[in-house]
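Below is one structure, written out as structure tokens; the observations come after it.
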Protein chains: 2
Amino acid sequence: MNIGQAASASGLTAKMIRYYEQMKLIIPAHRTESSYRTYSDSDVNTLRFVRRARDLGFSVEQMKSLIALWRDRSRASGDVKSIALEHIAELERKAASIHAMIHTLKHLATHCHGDERPDCPIIDGFASATATDDALPPINARFGLNGMKTD
Amino acid sequence: MNIGQAASASGLTAKMIRYYEQMKLIIPAHRTESSYRTYSDSDVNTLRFVRRARDLGFSVEQMKSLIALWRDRSRASGDVKSIALEHIAELERKAASIHAMIHTLKHLATHCHGDERPDCPIIDGFASATATDDALPPINARFGLNGMKTD
DNA sequence: TATTGACCTTCCAGTAGGGGGAAGGATTAT
DNA sequence: ATAATCCTTCCCCCTACTGGAAGGTCAATA
């Protein structure tokens, strides 16, 4: 199986598979004489594992740990659980931040009649102090989504 | 007022102010003879406007539109509202995606005893088909957070 | 006055997680 | 035979910044 077929079988793209190989998340694929990458069914299982972890928002670094634990027959399930719980906590922080934005925006939007008149509570809300100032912590104390795939 | 003072007055950093100037989000600041940037109270108002919009998750491109509308005395409030509503919809998609991740992860985590035994439903869930496969749409149909600051 | 320290300037590099596309070789279908 | 579709590596692009180097400037102190 070449990279394109492995890609559609796993739900990743060929670009992603090469990227993960380069990042040392996955073991370099075997090559044909003409240096085409080849994938076995077992390799595709690994790729599917990666895709599922990625779909759950794990970073490449986190996935490295998860794959190492996956391959380790003597792993402690507590190690896996702690990674998962930490990730859940991070996701919940992100969700809370997004909900705070939605809340403020909806509040502003419901007071905007949204016609041709220039009077606009949304713009006015941005231009003067609103709940936003208090709703979000200081700029440097915040946490980032950092390229996380909520795709 | 120089850039450091404008930064603390607005809640941005000096780096961000220079970046926004470079990106043409804000008008280049006046300079002293020794090419220090100087900011008036009015300039700081603009910076505060930018910070609030940023805190609500708007991208630099969206903020360009919002600032243009802010400065346009004859703007239609409907134009502002449509930008805001579109942004709310985007935020809600992101939130739904994150909640789906949390849901799946919590489901897996509650079935993991989390001790020294190697048996781990979380890892097993990644390795074989789970609700994840159905919970998320195909990889190319997804939407991204793309550097958005949920910081 | 000299010097220190806290500013400021520009520029370059790097981040995460890839996407896009060029240049060129390989394989496959007609 | 030839065209279409793969594959390879390579490098640049994206967002929204942050960090740091090299160097100029300004205010206070010894």
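Just so it is clear, the values below take in all heavy atoms, side chains as well, and ignore hydrogens, waters and symmetry mates. Since the structure is predicted, the reported quantities are computational estimates derived from the model, not experimental observations. Order of the sequence lines fixes the chain letters, A, B, ..., with proteins taken first and strands second; residue numbering starts at 1 for each chain.
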Legend entry - Contact summary for A/V60 and A/L25, nearest pair of heavy atoms: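 Looks like O-CD1, 3.9 Å.
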Side-chain donor-acceptor pairs under 3.5 Å in residues 105-112 of chain A, sequence neighbours left out?
| residue | atom | partner | partner atom | Å |
| --- | --- | --- | --- | --- |
| A/K106 | NZ | B/E92 | OE2 | 2.9 |
| A/T110 | OG1 | A/K106 | O | 3.2 |
| A/T110 | OG1 | A/H107 | O | 2.9 |

Expressed as a whole number of angstroms, how long is the span from [X]:[atom1] to [N]:[atom2]?
{"X": "A/E33", "N": "D/dT8", "atom1": "CD", "atom2": "C1'", "answer": "16 Å"}
{"X": "A/L25", "N": "C/dA16", "atom1": "CG", "atom2": "P", "answer": "13 Å"}
{"X": "B/I17", "N": "D/dT18", "atom1": "CD1", "atom2": "P", "answer": "11 Å"}
{"X": "B/E61", "N": "D/dC17", "atom1": "CD", "atom2": "P", "answer": "13 Å"}
{"X": "A/F58", "N": "C/dG17", "atom1": "CZ", "atom2": "P", "answer": "13 Å"}
{"X": "B/M63", "N": "D/dA16", "atom1": "CE", "atom2": "P", "answer": "7 Å"}
{"X": "B/E21", "N": "D/dA16", "atom1": "CD", "atom2": "P", "answer": "18 Å"}
{"X": "A/Q22", "N": "D/dC10", "atom1": "CD", "atom2": "P", "answer": "9 Å"}

Tell me which pairs pass salt bridge (charged side-chain N to carboxylate O under 4.0 Å, His left out) where either residue lies in [range], with sequence neighbours left out.
{"range": "residues 107-116 of chain B", "result": "B/D115-B/R117"}
{"range": "residues 62-87 of chain A", "result": "A/E61-A/K64"}
{"range": "residues 15-41 of chain A", "result": "A/E21-A/R31, A/E21-A/R37"}

Legend entry - Nucleotide-resolved protein contact map, nucleotides 8-14 of chain C, B/S/- at heavy-atom distance under 4.0 Å: SBBB---
Legend entry - B/S40 versus B/D43, side-chain donor and acceptor atoms under 3.5 Å: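 Per modelled atom types, B/D43 and B/S40 side chains form a pair under 3.5 Å.
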Inset, instruction - Could you tell me whether the phosphate oxygens of D/dT15, OP1 or OP2, come under 4.0 Å of any side-chain nitrogen or oxygen in B/Y19? - result: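 So the side chain of B/Y19 is outside the cut-off, no N or O lying under 4.0 Å from OP1 or OP2 of D/dT15.
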Legend entry - Phosphate OP1/OP2 of C/dG19: any A/T13 side-chain N/O under 4.0 Å: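 True: A/T13 side-chain N/O within range (under 4.0 Å) of C/dG19 OP1/OP2.
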Inset, instruction - Report the residues that fulfil side-chain contact (heavy atoms from CB on, under 4.5 Å) with B/D119, sequence neighbours left out, ordered by chain and then residue number. - result: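 Result, side-chain contact (heavy atoms from CB on, under 4.5 Å) vs B/D119: B/H113, B/D124.
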Inset, instruction - Would you classify A/T32 as touching base, sugar-phosphate or nothing, given that sugar-phosphate means primed atoms plus P, OP1 and OP2, and contacts are heavy atoms under 4.0 Å? - result: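 Here A/T32 touches no strand at all.
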